[in-house]
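Beneath this line is the structure, given in C-alpha cells, with notes to follow.
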Amino acid sequence: MMTPDGRYLVVRGRLWRASNPALADEVRQRHVNALMDARRAVKTALAQGDRAMEAQARARVDAAKVALGERGPVWWDDGAPDLTRKLARNTCYSEWFAALAQEAEQGGARLRQ
C-alpha cells in the first residue's frame, strides 16, 4: 500500500521510498529495466560466487534506484525528512497506519504492524 502523499510504499509495516512520480513513463521504464537487469546480475554473481561481479551488479542496482528516486536525495521539496526503513507506526503516518490496521481487523484481515 502507498502512503496518502505517495511518498512511500508500506511493506510489513515499514516505509520504503516510492519512485519519483514526476519521471516520464519512458524514463521510469528505462530505469526499471536497468534495475531488473542489475538484480538478475546480482543473482548470477551470487550463484557463481564472483564477488567482483556481485559488487559491480550491486552498484548498478544502487544507480538505478537513485535514478528512480528511491535512494539518494529525496524527490519532494517541502523539507520533509526521508523516513525510508522506519516503521510506519513510529512516524508521522502512525495515525493513518493505525486506522488501516483497525479497518483490516474489522474486515477479518490482520495488517502486520
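- W75 and V66 are not part of a single hydrophobic cluster, where members link through side-chain heavy atoms under 4.5 Å apart.
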**Report entry** side chain to side chain contact (heavy atoms under 4.5 Å, CB included) assessment of N20 paired with L68
**Finding:** CA-CA 6 Å; N20 184 345; L68 286 165; over 6 Å; no
Query - From CA spacing to verdict: side chain to side chain contact (heavy atoms under 4.5 Å, CB included), L15, V10 - result: CA-CA 5 Å; L15 300 173; V10 182; 3.7 Å; yes
**Report entry** Step-by-step side chain to side chain contact (heavy atoms under 4.5 Å, CB included) determination, R85 to W16
**Finding:** CA-CA 6 Å; R85 301 180 78 174; W16 297 97; 3.4 Å; yes
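- Nearest heavy-atom pair across S19 and E70 is OG-OE2, 2.7 Å.
- Looking at R58 and E54, a side-chain N of the basic residue comes within less than 4.0 Å of a carboxylate O on the acidic one, giving a salt bridge.
- Between T91 and L87, the closest heavy-atom pair is CG2-O, 3.2 Å.
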Report task. Just do the side chain to side chain contact (heavy atoms under 4.5 Å, CB included) check on C92 and L83 with the steps written out, would you? Result -> CA-CA 9 Å; C92 58; L83 301 174; 4.0 Å; yes
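- Nearest approach of R89 to S94, heavy atoms of both residues: O-CB, 3.2 Å.
- The two residues P81 and Y8 come nearest to each other via the heavy atoms O-OH, 3.4 Å.
- Residue-environment remark: CG (D78) exceeds the threshold of 12 foreign heavy atoms within 6.0 Å.
- Salt bridge R40/D37: present, at least one basic N to carboxylate O contact under 4.0 Å.
- Contact between G6 and A18 at its shortest, heavy atoms only, is O-CB, 3.7 Å.
- Taking the side chain as every heavy atom from C-beta outward, R7 and Y93 approach each other to under 4.5 Å.
- No more than 12 heavy atoms of other residues, nucleotides or ligands lie within 6.0 Å of NZ in K86, so this atom counts as exposed by the packing criterion.
- In plain terms, the two heavy atoms of R60 and A41 that are nearest each other are NH1-CB, 3.6 Å.
- For the residue pair Q29/N33, the side-chain donor-acceptor check at 3.5 Å is satisfied.
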